[in-house]
Amino acid sequence: MEHYLNYIDGRWCDNDSHLTIMNPSTDEPFATIAKADINDADAAMAAARQCVKSGVLSDVRPAERTKWLLQIAAAIRDITEEGALICCRENGKSLNDARAEFIEAARYFEYYAGMADKIEGISVPLGKDYIDFTQYVPFGISVQIVPWNFPPSICARSLAPALAAGNAVVVKSPEISPAAMTVLFKAIASTDLPQGAVNLLCGEGSVVGAHLVKHQETNQIVFTGSVPTGQRILQDAALKATPSVMELGGKSAAIVFEDADIKGVIDSVKAGIYFNAGQVCSAMSRLLVTKNRYEEVKSAVVDMANSLTIGQGEENFDLTPLVSREQQQRVLQMIEQAKADGAKILAGGAAPDRAGYFVQATVIEATPDMAIAREEVFGPVLVIMPFDTEQQAIAIANNTDFGLVSGIFGESISQTLRVANQLRGGQVFVNEWYAGGIETPFGGVGLSGFGREKGQEAIYSYVQTRNIAIRLQS
Ligand code: NAD
């Protein structure tokens, strides 16, 4: 079995203690990784602090950082095949999706390479006796905690803008699927990026993650993961009022109006809820359909769900396993609870009879107040519901504590914009789920979190504003 290491101060480090990584497609051990402890975390923080103090990231001309980020992007492209295979084996996702994830990771570095030398402040007019301007300065050390659903691309999403802005970074990878991130760091380690600028630790969240969050040297926290962990981290961050970005969960709804292109809707449902086995924070987990077209859409969605192929990621099946036995059991329990609450299973609803952590493509007809229609499942489970009026559709869509993304399917520009203006959340997809990209700002409201990733806007999550106000001497 392959054994993976942590990356601290420019060196690959082992530990006596190891974690076992499982292959979700086969339920067999796939690799081991050094389990970082608090001493490793302290060493990573010391390396990052040394790097920040030296000014090697923040004092150089920004074009230097552009150069490093472009080197990283090129190195990631070079290791895409190696990384994708490991990502597919440890995460269960399809090889094609794992490959796309590495390419997306490279794109984040290319995109923010282009921003490193454009983080410009403003001049503030205060009359002839004053000169006033702002600067955007890095925080120092950014601690970044990554979940297991898209480790390489979520890691790159936060790492690239943080480095572009001149921060050093300590990354905590997820215990369940950390190996592909070590491949990403192998690419980074092959570039001229200064020593200590990035460090990677795989350790228990409640031990190493919590230690990093509370660490005296931590200047910023970027957390992507579940709501309970985010809330815990915010409590710890409050001790030092550490600035934080929180990318949490979702229960996102798509609204289908009468004039929608139904084929386009079905394609979007397939990508929206069955891609990555539904383990996507911005998954389309609820489909609200106008009463007049409800039966037609329902039957097309059920046919599509029943037609999906299930199998190992390496063979690129439509539906791949969940990441762990625990997640599989959690999803199955939520389906059982939905049945007990009176919801109707229209497709799937069980685990197929095979090894691995699979759950069938599931479609559930429910009412808006049921737990299955309000709580995040994080699995291949779509809830479908009819609505009568536009206002009712908006009320159902907003009837959760989350507010990440939403979708509108229909031809009328006026109706689309009228509805988009009333949906709670950070992003609205129109006529195509996941219509955005790395260029479009992403983040939530309510329990989905705060702060923005992606797009030009994200760079401002990684800097703080300093104002210089000068009184001119006569
Ligand atoms: P999780 O909260 O269990 O773990 C996320 C990370 O936090 C892991 O690396 C874990 O080790 C670490 N962690 C756990 N306890 C910690 C603590 N006390 N202090 C510091 N770190 C700690 O989440 P998960 O199960 O890995 O991911 C699934 C969740 O993430 C879902 O709710 C999903 O919606 C959300 N998610 C959100 C986004 C987004 O961008 N909004 C993206 C992906 C996933």
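Remember, it's 1-based here, ligands and their atoms both numbered in the order they're listed. Here the structure is a predicted model, which is why all the values come from computation and not from measurement.
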*Considering only heavy atoms, which protein residues lie less than 4.0 Å from any atom of ligand 1?*
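Lining ligand 1: Ile145, Val146, Pro147, Trp148, Asn149, Ile154, Arg157, Lys172, Ser173, Pro174, Glu175, Gly205, Ser206, Gly209, Ala210, Phe223, Thr224, Gly225, Ser226, Thr229, Arg232, Ile233, Glu247, Leu248, Gly249, Cys281, Glu376, Phe378, Phe442.
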
Check this for me, if you would: do [X] and [Y] make a salt bridge, where the nitrogen-to-carboxylate-oxygen distance has to be below 4.0 angstrom?
| X | Y | value |
| --- | --- | --- |
| Arg49 | Glu217 | yes |
| Glu439 | Arg107 | yes |
| Arg89 | Glu2 | no |

*N/O donor-acceptor pair under 3.5 Å between Thr66 side chain and Ala113 backbone*: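 Yes, because the side chain of Thr66 sits within donor-acceptor range (under 3.5 Å) of the backbone of Ala113.
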
*Any luck finding a side-chain donor-acceptor pair between Arg330 and Gln333 under 3.5 Å?*
no

*For Thr416, check side chain to side chain contact (heavy atoms under 4.5 Å, CB included) against everything at least two apart and list the hits.*
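Counting only residues at least two positions away or on another chain, Thr416 forms a side chain to side chain contact (heavy atoms under 4.5 Å, CB included) with Ile408, Val430.
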
